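Following: one structure in C-alpha coordinates, then a few remarks.
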Amino acid sequence: STLHSGLDTFGLQAMLLSRENELLDPRHAAVCEAGGHMDHPLADYFIATSHNSYLTGDQFRSNSDVRMYEVQLLMGCRCLEIDCWDGADGEPTVYHGMTFTSKIKFRDVIISIERFAFVSSAYPVILSLEMHCSLPQQEKIAAILREVLGERLHLPRPPAAAADAAAESPHALRHKV
(Lines give C-alpha, C1' and ligand atoms only; values in the text may rest on other atoms or scores of the structure.)
Protein backbone atom coordinates (compact mmCIF):
# COMPACT_ATOMS: atom_id res chain seq x y z
CA SER A 1 0.00 0.00 0.00
CA THR A 2 1.26 3.48 -0.81
CA LEU A 3 -0.09 4.83 2.48
CA HIS A 4 3.01 3.54 4.25
CA SER A 5 5.32 6.12 2.70
CA GLY A 6 5.74 9.33 4.71
CA LEU A 7 4.70 11.64 1.87
CA ASP A 8 1.48 9.76 1.08
CA THR A 9 0.56 9.57 4.77
CA PHE A 10 1.11 13.31 5.11
CA GLY A 11 -1.04 13.92 2.02
CA LEU A 12 -3.84 11.81 3.51
CA GLN A 13 -3.59 13.69 6.79
CA ALA A 14 -3.66 17.02 4.97
CA MET A 15 -6.82 15.94 3.13
CA LEU A 16 -8.51 14.70 6.32
CA LEU A 17 -7.63 17.91 8.15
CA SER A 18 -8.53 20.25 5.28
CA ARG A 19 -11.32 22.83 5.43
CA GLU A 20 -13.25 20.76 2.87
CA ASN A 21 -13.50 17.96 5.46
CA GLU A 22 -14.39 20.28 8.37
CA LEU A 23 -17.45 19.72 10.56
CA LEU A 24 -17.52 23.35 11.69
CA ASP A 25 -19.80 25.64 9.72
CA PRO A 26 -17.37 27.98 7.89
CA ARG A 27 -19.50 30.99 8.89
CA HIS A 28 -18.36 30.40 12.48
CA ALA A 29 -14.66 30.39 11.60
CA ALA A 30 -14.49 34.15 11.08
CA VAL A 31 -13.56 36.59 13.81
CA CYS A 32 -16.85 37.78 15.22
CA GLU A 33 -16.25 40.60 17.66
CA ALA A 34 -18.56 43.59 17.62
CA GLY A 35 -16.76 46.11 15.47
CA GLY A 36 -14.11 43.51 14.55
CA HIS A 37 -11.31 45.48 16.19
CA MET A 38 -9.92 42.71 18.42
CA ASP A 39 -8.74 45.35 20.87
CA HIS A 40 -9.63 43.68 24.15
CA PRO A 41 -6.81 42.05 26.16
CA LEU A 42 -5.59 38.78 24.63
CA ALA A 43 -6.74 36.90 27.74
CA ASP A 44 -10.37 37.81 26.93
CA TYR A 45 -10.43 35.56 23.86
CA PHE A 46 -10.72 31.85 23.17
CA ILE A 47 -7.61 30.80 21.27
CA ALA A 48 -7.37 27.85 18.86
CA THR A 49 -4.68 25.70 20.45
CA SER A 50 -2.80 22.58 19.41
CA HIS A 51 -1.26 19.95 21.72
CA ASN A 52 1.74 17.85 20.67
CA SER A 53 1.58 19.89 17.49
CA TYR A 54 4.54 18.10 15.87
CA LEU A 55 3.22 14.52 15.97
CA THR A 56 1.85 12.78 12.88
CA GLY A 57 0.09 10.11 14.94
CA ASP A 58 -0.02 8.68 18.45
CA GLN A 59 1.96 10.06 21.41
CA PHE A 60 4.03 6.94 21.97
CA ARG A 61 5.79 5.96 18.73
CA SER A 62 4.71 8.18 15.84
CA ASN A 63 6.90 10.48 13.79
CA SER A 64 7.61 14.09 14.64
CA ASP A 65 7.40 16.35 11.59
CA VAL A 66 7.82 20.12 11.19
CA ARG A 67 5.11 20.04 8.52
CA MET A 68 2.55 19.35 11.25
CA TYR A 69 3.16 22.89 12.55
CA GLU A 70 2.37 24.15 9.06
CA VAL A 71 -0.88 22.14 9.04
CA GLN A 72 -1.86 23.49 12.47
CA LEU A 73 -1.19 27.09 11.42
CA LEU A 74 -3.07 26.70 8.14
CA MET A 75 -6.02 25.30 10.13
CA GLY A 76 -6.08 28.49 12.17
CA CYS A 77 -4.33 27.42 15.37
CA ARG A 78 -2.78 30.41 17.11
CA CYS A 79 -1.10 28.57 20.01
CA LEU A 80 1.37 25.77 19.34
CA GLU A 81 3.12 23.47 21.77
CA ILE A 82 6.83 22.75 21.38
CA ASP A 83 8.37 20.07 23.63
CA CYS A 84 12.02 21.14 23.93
CA TRP A 85 14.75 18.68 24.93
CA ASP A 86 18.54 18.73 24.93
CA GLY A 87 19.90 17.46 21.63
CA ALA A 88 22.83 15.07 21.69
CA ASP A 89 24.70 17.33 19.24
CA GLY A 90 24.22 20.44 21.37
CA GLU A 91 21.24 21.64 19.33
CA PRO A 92 17.80 21.60 21.02
CA THR A 93 15.39 18.97 19.72
CA VAL A 94 11.61 18.55 19.72
CA TYR A 95 9.89 15.26 20.53
CA HIS A 96 7.53 13.66 23.00
CA GLY A 97 9.99 12.86 25.77
CA MET A 98 10.62 9.37 27.11
CA THR A 99 8.74 7.77 24.22
CA PHE A 100 9.69 6.27 20.86
CA THR A 101 8.62 9.29 18.79
CA SER A 102 11.18 10.61 16.34
CA LYS A 103 13.11 13.83 16.98
CA ILE A 104 13.26 17.03 14.97
CA LYS A 105 15.49 20.09 15.33
CA PHE A 106 14.07 23.07 17.23
CA ARG A 107 15.55 25.40 14.59
CA ASP A 108 13.64 23.61 11.82
CA VAL A 109 10.40 23.95 13.80
CA ILE A 110 10.89 27.71 14.21
CA ILE A 111 11.78 28.15 10.53
CA SER A 112 8.57 26.33 9.60
CA ILE A 113 6.50 28.42 12.01
CA GLU A 114 8.05 31.64 10.70
CA ARG A 115 7.12 30.71 7.11
CA PHE A 116 3.49 29.77 7.90
CA ALA A 117 2.59 31.82 10.99
CA PHE A 118 0.58 34.47 9.21
CA VAL A 119 -0.69 32.73 6.07
CA SER A 120 -4.20 32.12 7.42
CA SER A 121 -4.38 34.93 9.98
CA ALA A 122 -2.56 38.12 10.94
CA TYR A 123 -3.31 37.56 14.62
CA PRO A 124 -0.51 36.60 17.01
CA VAL A 125 0.94 33.11 17.32
CA ILE A 126 1.67 31.94 20.85
CA LEU A 127 4.41 29.37 21.37
CA SER A 128 4.01 27.16 24.42
CA LEU A 129 7.52 25.89 25.13
CA GLU A 130 7.48 22.78 27.30
CA MET A 131 11.02 23.20 28.52
CA HIS A 132 13.20 20.20 29.40
CA CYS A 133 16.49 21.74 28.21
CA SER A 134 19.62 22.60 30.15
CA LEU A 135 20.47 26.27 30.55
CA PRO A 136 22.99 26.26 27.64
CA GLN A 137 20.40 24.82 25.27
CA GLN A 138 17.73 27.22 26.60
CA GLU A 139 20.12 30.01 25.61
CA LYS A 140 20.37 28.45 22.12
CA ILE A 141 16.57 28.38 21.94
CA ALA A 142 16.43 32.10 22.78
CA ALA A 143 19.08 32.84 20.14
CA ILE A 144 17.23 30.78 17.50
CA LEU A 145 13.95 32.57 18.27
CA ARG A 146 15.62 35.97 17.91
CA GLU A 147 17.53 35.00 14.76
CA VAL A 148 14.73 33.27 12.85
CA LEU A 149 11.74 35.35 13.94
CA GLY A 150 13.55 38.70 14.03
CA GLU A 151 11.08 41.59 14.24
CA ARG A 152 8.16 39.15 14.43
CA LEU A 153 9.27 38.01 17.89
CA HIS A 154 7.34 39.96 20.52
CA LEU A 155 9.57 40.82 23.44
CA PRO A 156 7.75 42.67 26.24
CA ARG A 157 9.65 45.71 27.43
CA PRO A 158 11.05 45.30 30.95
CA PRO A 159 9.81 45.51 33.62
CA ALA A 160 6.55 44.31 32.06
CA ALA A 161 4.77 41.77 34.20
CA ALA A 162 2.92 38.76 32.82
CA ALA A 163 -0.34 40.59 33.51
CA ASP A 164 0.84 43.49 31.32
CA ALA A 165 1.64 41.12 28.44
CA ALA A 166 -1.81 39.47 28.75
CA ALA A 167 -3.41 42.94 28.56
CA GLU A 168 -2.08 43.49 25.03
CA SER A 169 -4.71 42.98 22.37
CA PRO A 170 -4.68 40.61 19.38
CA HIS A 171 -4.91 43.73 17.19
CA ALA A 172 -1.78 45.23 18.78
CA LEU A 173 0.08 41.92 18.40
CA ARG A 174 -0.76 41.26 14.75
CA HIS A 175 2.09 39.55 12.88
CA LYS A 176 3.89 38.82 16.17
CA VAL A 177 5.00 35.58 17.77
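Here the structure is a predicted model, which is why all the values come from computation and not from measurement.
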Can you name the closest pair of heavy atoms from [X] and [Y] and give their distance?
| X | Y | result |
| --- | --- | --- |
| Leu127 | Leu145 | CD1-CD2, 4.1 Å |
| Val177 | Phe118 | CG2-CZ, 4.1 Å |
| Cys79 | Ile47 | CB-CG2, 4.1 Å |

Name all residues meeting the salt bridge (charged side-chain N to carboxylate O under 4.0 Å, His left out) criterion together with [X]; count only those two or more places apart in sequence or in a different chain, and write none if there are none.
| X | answer |
| --- | --- |
| Arg115 | Glu70 |
| Arg152 | Glu114 |
| Arg107 | Glu147 |

Could you name each residue pair satisfying salt bridge (Lys or Arg N to Asp or Glu O under 4.0 Å) that touches residues 84-96, not counting sequence neighbours?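 Counting only pairs at least two positions apart or across chains, the salt bridge (Lys or Arg N to Asp or Glu O under 4.0 Å) contacts touching residues 84-96 are Asp89-Lys105, Glu91-Lys140.
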Less than 3.5 Å apart, any donor N or O on the side chain of Glu168 or His154 sitting next to an acceptor on the other?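 Yes, a side-chain donor-acceptor pair sits under 3.5 Å.
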Separation between [atom1] of [X] and [atom2] of [Y], rounded to the nearest 0.5 Å:
| X | Y | atom1 | atom2 | value |
| --- | --- | --- | --- | --- |
| Leu74 | Ser121 | CG | OG | 11.5 Å |
| Ile141 | Arg146 | CD1 | CZ | 12.0 Å |
| Ile111 | Tyr69 | CD1 | OH | 13.5 Å |
| Cys84 | Met131 | SG | CE | 4.0 Å |

Partners meeting ring-ring contact (aromatic ring centres under 6.0 Å, His included) with Phe116 (sequence neighbours left out):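 Scan of Phe116 (ring-ring contact (aromatic ring centres under 6.0 Å, His included), adjacent residues dropped) gives none.
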What residues form a ring-ring contact (aromatic ring centres under 6.0 Å, His included) with Phe46, not counting sequence neighbours?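 For Phe46 there are no ring-ring contact (aromatic ring centres under 6.0 Å, His included) partners, ignoring immediate neighbours.
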Hey, does the side chain of [X] reach the backbone of [Y] with a donor-acceptor pair shorter than 3.5 angstrom?
| X | Y | answer |
| --- | --- | --- |
| Asp65 | Arg67 | yes |
| Glu81 | Glu130 | no |
| Thr93 | Lys103 | no |
| Arg78 | Tyr123 | yes |

Is any side-chain heavy atom of [Y] closer than 4.5 Å to one of [X]?
| X | Y | answer |
| --- | --- | --- |
| Leu73 | Val125 | yes |
| Tyr45 | Pro170 | yes |
| Phe106 | Ile82 | yes |
| Ile126 | Leu80 | no |

Once the angle between the rings of His132 and Trp85 is folded into 0 to 90°, is it parallel (under 30°), tilted (30 to 60°) or perpendicular (over 60°)?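 If you compare the ring of His132 with that of Trp85, the planes turn out parallel.
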